[in-house]
There are 2 protein chains.
Amino acid sequence: MTAGSPLVAALDHAGHRLTGPRRAIADLIAERGASTFTAADLVADVRSRRLGIGRATVFRAIDLLVAVGAVERVDLRTGEHAYVACVPAHHHHVICSRCARTVEIGDLGLGALARDVARRTGYRIDEHRLELHGLCPACQRAVALA
Amino acid sequence: MTAGSPLVAALDHAGHRLTGPRRAIADLIAERGASTFTAADLVADVRSRRLGIGRATVFRAIDLLVAVGAVERVDLRTGEHAYVACVPAHHHHVICSRCARTVEIGDLGLGALARDVARRTGYRIDEHRLELHGLCPACQRAVALA
DNA sequence: GGTCTTGTCGAGACTCAGTATCACTGCGCA
DNA sequence: TGCGCAGTGATACTGAGTCTCGACAAGACC
């Protein structure tokens with residue numbers, strides 16, 4: 001979980017130092033798996049586990065992980081900024097509005113769609129982002145039972 | 001520009017009072033046309049024109065316009081929240097990263113795509129959001145000349 | 001191992017968007 | 001005319017994120 005974390009590996013691969021705080025934050029993120037988390041969640045985690053890591057360092061580590069593509073920022077329906085650990089390849093997210101669990105989906109032909117939009121609008125499309133919000137299977141069951 | 005603004009009409013249609021501050025804010029937004037703006041932009045506008053409208057009122061008016069569907073929130077690449085005046089029908093935005101001008105595009109078959117994702121992931125998709133970022137024709141020319 | 005450079009660190013002050021509260025105003029309605 | 005209530009401005013507050021600065025530690029080099 002420590003040396004093997006793909007997040008740590010991504011930092012290493014990008015030529016960044018593998019310091020204690022960065023490893024600790026990468027581990028905390030890895031523990032969350034496919035669930036989204038906010039910067040505030042991480043800060044609270046760090047504090048509750050008494051890791052002795054400063055707030056600014058948490059923000060710096062997140063920025064770094066976003067920069068190397070190991071973490072991606074997503075916007076929740078509430079307007080909050082959240083993050084998810086993910087593979088660096090181009091993809092999109094399906095986000096559960098109830099438990100924040102995400103599933104990554106491939107490009108789904110959006111590249112072609114973006115080119116079509118570029119042709120029709122005259123815009124040069126540099127980036128596209130698709131976010132799907134809904135309920136994961138587990139939460140659908142939970143809601144049905146409630 | 002005052003009584004005829006579609007923003008004011010949308011408020012009226014939804015049964016909200018058409019007060020002075022609301023009209024003024026709707027006009028300010030209408031003036032921006034298809035450009036995105038942040039709440040801070042509006043607050044600065046209100047202040048510079050000495051309209052005597054409070055900050056809280058600006059936020060309340062934006063919330064109201066978002067609620068009636070006359071304004072939509074978009075997330076800029078910088079992570080900022082911005083807004084655009086738009087038609088209430090389901091659509092997506094192409095946003096210029098340089099001048100913030102937007103173009104609305106239709107659903108583009110994303111509904112079908114969302115259903116496909118739902119089938120594959122087991123998620124119940126309630127909402128989808130596509131944002132395309134790039135350069136509008138004018139900014140492409142400007143960049144080419146610079 | 002010792003030293004040096006430089007990136008990273010924690011602490012804490014700061015900024016700023018957005019929210020909450022509260023007393024006041026003015027419109028609609030009986 | 002009086003009442004109720006939505007809407008308002010002012011202001012305090014909250015919380016996310018940034019900035020600064022002195023201290024420290026990782027890694028390169030000898």
Side-chain angles (χ1 to χ4, degrees), chain A residues 2-3 7-8 10-29 36-68 71-83 100, chain B residues 7-8 10-29 36-68 71-83 100:
Chain A
T2 47
L7 293 164
V8 175
L11 280 183
D12 190 20
H13 195 255
H16 295 285
R17 286 192 192 167
L18 301 184
T19 64
R22 285 182 182 172
R23 280 176 190 274
I25 292 167
D27 285 350
L28 283 181
I29 294 174
T36 59
F37 59 90
T38 62
D41 289 339
L42 269 197
V43 170
D45 250 21
V46 161
R47 190 161 297 176
S48 71
R49 298 187 189 202
R50 305 180 187 288
L51 296 177
I53 296 172
R55 235 167 62 87
T57 303
V58 174
F59 281 104
R60 279 189 286 244
I62 293 174
D63 279 353
L64 207 58
L65 287 165
V66 169
V68 304
V71 162
E72 196 168 320
R73 193 176 63 211
V74 296
D75 297 291
L76 303 185
R77 291 161 92 180
T78 56
E80 279 182 304
H81 291 155
Y83 300 88
Chain B
L7 293 163
V8 174
L11 279 182
D12 190 19
H13 193 255
H16 295 285
R17 286 195 195 161
L18 300 183
T19 63
R22 285 181 182 172
R23 281 176 189 274
I25 292 167
D27 284 350
L28 283 181
I29 294 174
T36 60
F37 59 90
T38 62
D41 289 340
L42 269 196
V43 170
D45 250 20
V46 161
R47 190 161 298 176
S48 70
R49 297 185 190 203
R50 305 181 186 285
L51 297 177
I53 298 173
R55 233 166 63 85
T57 302
V58 174
F59 281 103
R60 279 189 286 245
I62 293 175
D63 279 352
L64 207 58
L65 288 165
V66 168
V68 303
V71 162
E72 195 167 322
R73 192 176 67 213
V74 296
D75 297 292
L76 303 185
R77 290 161 92 179
T78 56
E80 278 181 303
H81 291 157
Y83 301 87

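All values below come from the heavy atoms of this structure, side chains included, with hydrogens, waters and symmetry mates left out. Every chain is numbered from 1 and lettered A, B, ... according to where its sequence line falls, protein lines coming before strand lines.
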Rounded distance in Å - CZ (B/Phe59) to C1' (D/dG7): 17 Å

Sugar-phosphate, base or nothing in reach of B/Thr19, heavy atoms under 4.0 Å: sugar-phosphate

Touch class at under 4.0 angstrom, heavy-atom based, for A/Gly20 against every strand present: nothing

Atom pair distance, as rounded to whole Å: CG in A/Asp75 and P in D/dG17: 11 Å

B/Arg60 vs C/dT19: side-chain N/O to OP1/OP2 distance below 4.0 Å: no

d(CZ, B/Arg22; C1', D/dG9) in whole Å: 14 Å

A/Ile53 or B/Ala40, whichever maps to the more 5' nucleotide of DNA chain C: A/Ile53

Any B/His16 side-chain heavy atom under 4.5 Å of B/Val68 side chain: yes

A/Tyr83 vs A/Thr36 side-chain heavy atoms within contact, under 4.5 Å: no

Side chain proximity check, B/Leu28 to B/Leu51, heavy atoms < 4.5 angstrom: yes

Between D/dG7 (C1') and B/Leu64 (CG): distance, integer Å: 10 Å

Rounded distance (Å) that lies between atom C1' of C/dA17 and atom CZ of B/Phe37: 15 Å

A/Glu80 vs A/Asp75 side-chain heavy atoms within contact, under 4.5 Å: no

OP1 or OP2 of D/dG17 under 4.0 Å from side-chain N/O of A/His81: yes

Sugar-phosphate only, base, or nothing, as touched by B/Ala56 at under 4.0 Å among non-hydrogen atoms: base

Length of the CD-P vector between A/Glu80 and D/dG17, whole Å: 9 Å

Validation row: B/Arg60, B/Leu64 side chains within 4.5 angstrom (heavy atoms): no

Nearest-Å distance for atom pair CG/C1', residues B/Leu51 and D/dA10: 17 Å

Touch class at under 4.0 angstrom, heavy-atom based, for B/Ala39 against every strand present: sugar-phosphate

Protein-nucleotide distance (B/Asp41, atom CG; C/dG18, atom C1'), rounded to Å: 15 Å

B/Arg55 side chain near D/dA10 phosphate (N/O to OP1/OP2, under 4.0 Å): no

